[in-house]
Amino acid sequence: MGTIEDVCTACGERNPAGSAFCLYCGVYLGWDEASTADQPATRQSVPSAETSAYSSKNPIQSQSVQGQPTVQGQPNVQGQPNVQGQSTVPAQPVADWRSSDPPCPQCGQPNAVTLRFCSKCGKALRPTQPSSQAQRAAVPQTWWQRFWDPTDRRARREYRRSLPPLYRWRRVIIGVGLVVAVLVLLSLIGKDPVGWAKDKYYAVRGTLVVADPVGYAGSPPESVAQGYDPAALGSAAVDDAWATAWAPDALAPLDGCDGKPAAKGMVQLTFTEPLRVRRLDVAAGLPAADAKRPLQFRPSVLLVMYDGRCTELPLKDSSELQQLTLDTGVPVTELLVAIGATYPARADAGQPLTALTSLAVLSRPH
């Protein structure tokens, strides 16, 4: 007689008869055999090796061994005679394979050491280690890590390659279309698309260059102090300067700067072509090596007028070159620079003058 075993439909492994759970995957096997629709495991008779060998030699007797009824309607098992008076192969006793096996820590059912789940209660006898993929999935990742993850990038690349060419190139087509649309829009509103793009590029990089050429002149011309030259403001030498008279009680209000008081003498800067100014580099007062520096008033506030507007720029009491942020917003053809306030001179000063050593204009490259 064959050994009765339960075959798990989940993993296909054979389990001893009467097992409530699969010994290999832990699936519950003890369903009601009357309900076959929801039964996850099937029970079948597996012939033993000795029975199979006997049946191959005696094909007539193998029919009785397989449980076919005799004349009396009873199966020929355990040596009972059949119609011909012959006896079948006696059934082999099933060895108690659980006799010396370790018990389940939950229910006490003996289980072989090679099994992973208890046959009675289904408890895991050997805890399984989580896979490396499960461990990686448990660690939270930022969107940047997921974006640069080699596995995800490879999957995305393979997915894009599986798409038709139109879908693969649509991002490039959309990007080129947007660039063309921006250029057309700028052309329609009267702006130079190339110049606009270059300006944005230099703005991102923070690139500035010294404007050249720039014309320097005193306004009015007779306001320039004797021995000083406005053109010295644009020269590389630091031993010359522009100066004008400074009398705190004789300041004149500026019409283009909301009536703020300033020295009567100013510096006029002119450009050969419209220029959007971004910064002024100023060296206030005479050079530090000049002995006359502490004897004169050093500028502390500059008033810069352009295109009907006025900007007030503070200065430090230093002979070093100072970078003053100034954005005219639109291209202009000239600047008018006046001194609105000064640091006091020495009490014994004999020169009521205020001076500038250097004045450079910076803008974006063309």
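Computed from a predicted model, the values in this text were never measured in an experiment.
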Would a line drawn from the ring center of Phe117 to the ring center of Phe21 be shorter than 6.0 Å?
-> no

Between Val180 and Ile173, is there a shared hydrophobic cluster once you connect ILVMFWY residues whose side-chain heavy atoms come closer than 4.5 Å?
-> yes

Indicate if Leu359 and Met305 have the same hydrophobic cluster label, given that clusters are the connected sets of ILVMFWY residues with side-chain heavy-atom separations under 4.5 angstrom.
-> no

Closest non-hydrogen atom pair, Arg293 against Ser318 = NH2-C, 3.3 Å

Just wondering, more than 12 heavy atoms not from Arg171 lying within 6.0 Å of its CZ?
-> no

When you check the gap from the basic side-chain N to the acidic O, do Arg279 and Asp327 get nearer than 4.0 Å?
-> no

Around Glu320, counting heavy atoms of other residues, nucleotides and ligands shown, do more than 12 lie under 6.0 Å from its CD?
-> no

Determine, using the 4.5 Å side-chain heavy-atom cutoff (strictly less than), whether Leu315 and Val277 are members of one ILVMFWY cluster.
-> yes

Non-hydrogen side-chain atoms of Ser358 and Asp281 separated by less than 4.5 Å | no

Could you tell me whether the SG atom of Cys257 lies less than 2.5 angstrom from the SG atom of Cys310?
-> yes

pair Tyr24-Cys11: side-chain heavy atoms closer than 4.5 Å | yes

Are Arg346 and Asp348 within salt-bridge range, i.e. N to O under 4.0 Å?
-> yes

Test item: Thr342 side-chain N/O and Pro299 main-chain N/O as donor-acceptor pair under 3.5 Å | no

Sequence neighbours excluded, the answer for side-chain contact (heavy atoms from CB on, under 4.5 Å) partners of Lys200 is Trp196

Tell me, please, which residues at least two apart from Arg205 pass side-chain contact (heavy atoms from CB on, under 4.5 Å).
-> Tyr201, Thr207

Rounded to the nearest 0.5 angstrom, the OG1-CG distance for Thr270 and Leu335 is 9.5 Å

So do the side chains of Leu326 and Tyr306 get within less than 4.5 Å of each other, counting heavy atoms only?
-> yes

Close side-chain approach of Asp307 to Thr328, heavy-atom, < 4.5 Å = no

Transitively linked via ILVMFWY side-chain contacts under 4.5 Å: Leu313 with Val361?
-> yes

CZ (Arg170) with more than 12 external heavy atoms under 6.0 Å | no

Find out whether Lys260 and Leu254 are in side-chain contact, i.e. whether some heavy atom of one side chain is under 4.5 Å from a heavy atom of the other.
-> no

Could you state whether Leu336 and Val282 fall into the same hydrophobic cluster, counting links through intermediate Ile, Leu, Val, Met, Phe, Trp or Tyr residues with side-chain heavy atoms under 4.5 angstrom apart?
-> no

Can you tell if the side chain of Leu353 reaches within under 4.5 Å of the side chain of Thr244, non-hydrogen atoms only?
-> no

Taking the side chain as every heavy atom from C-beta outward, state whether Arg278 and Leu362 have any pair of such atoms under 4.5 Å apart.
-> no

Who passes side-chain contact (heavy atoms from CB on, under 4.5 Å) against Pro274, sequence neighbours left out?
-> Pro331, Thr333

